[in-house]
Amino acid sequence: ALRMAYLRGGGHDPAVLAQLLHLQAEATALEKGAVGPRRGRKAAPVVPAEPPGAGAGGLDAALLAMELENQRLEDELLALKVRRERRANAGSQVAQWHSVELAQLQAEVGMLRCHMERSRPWLLPPAILPPPVAPPLPP
């Protein structure tokens, strides 16, 4: 829960994630150790610092390490998805802002065109004049 809250809050520091994974490994080992003897099972060993051996305890430790690595990768994927969603939301907000600004500019251009057409007397259509009269022909 701590790791998920950290990732959802935007945390992505590898050192902090590694510490959270280590704490989760210890908690899992302690939980299995506390549950195991009551049910007649062998307690799961804490993940050793050196590579696991070939025995059953080594397999349990290797399985636990693999599960923790899978969980870490899933958390990393979740963090990437959250970042991508944030970028997409930020991008859509910028696009929305641009479209609003574009609409305002288009409205201004329309008003300016209308104003210019009203105030331009030099663009009135030329007056219709009768055709020129030819001079009289000599006798």
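These numbers come from a predicted model, not from an experiment. Values below: every heavy atom of this structure, side chains too, minus hydrogens, waters and symmetry copies. Nothing fancy with the numbering, it's 1 onward along the sequence.
- Note: Glu108 CD to Met111 CE = 6.0 Å, rounded to the nearest 0.5 Å.
- Shown here are the side-chain contact (heavy atoms from CB on, under 4.5 Å) partners of Arg83, two or more places apart in sequence or in another chain: His12, Ala79, Leu80, Arg87.
- Considering CG of Asn89 and CZ of Arg84, their distance stands at 12.0 Å, rounded to 0.5 Å.
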Before you tell me yes or no, could you show the steps for Leu102 and His98 under side-chain contact (heavy atoms from CB on, under 4.5 Å), namely the whole-Å CA-CA distance, both residues' side-chain angles and the distance that decides it to 0.1 Å? CA-CA 6 Å; Leu102 178 63; His98 281 300; over 6 Å; no
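- Across Leu68 and Ala25, no two heavy atoms sit closer than the pair CD1-CB, 2.9 Å.
- For the atom pair CD of Glu69 and CD of Glu74, the computed distance is 11.0 Å after rounding to the nearest 0.5 Å.
- A search for side-chain contact (heavy atoms from CB on, under 4.5 Å) contacts involving Gln19 returns nothing, not counting sequence neighbours.
- With rounding to the nearest 0.5 Å, the separation of NE2 in His115 from CZ in Arg113 is 14.5 Å.
- Rounded to the nearest 0.5 angstrom, Leu17 CG and Arg72 CZ are separated by 8.0 Å.
- Remark: Asp13 pairs with Tyr6, Ala15, Val16 by the side-chain contact (heavy atoms from CB on, under 4.5 Å) rule, at least two apart or across chains.
- Among residues two or more places apart in sequence or in another chain, the side-chain hydrogen bond (donor to acceptor under 3.5 Å, both in side chains) test is passed with Glu67 by none.
- A salt bridge is defined here as a Lys NZ or Arg NE, NH1 or NH2 lying under 4.0 Å from an Asp or Glu carboxylate O, and Glu85 with Lys81 fails to meet this definition.
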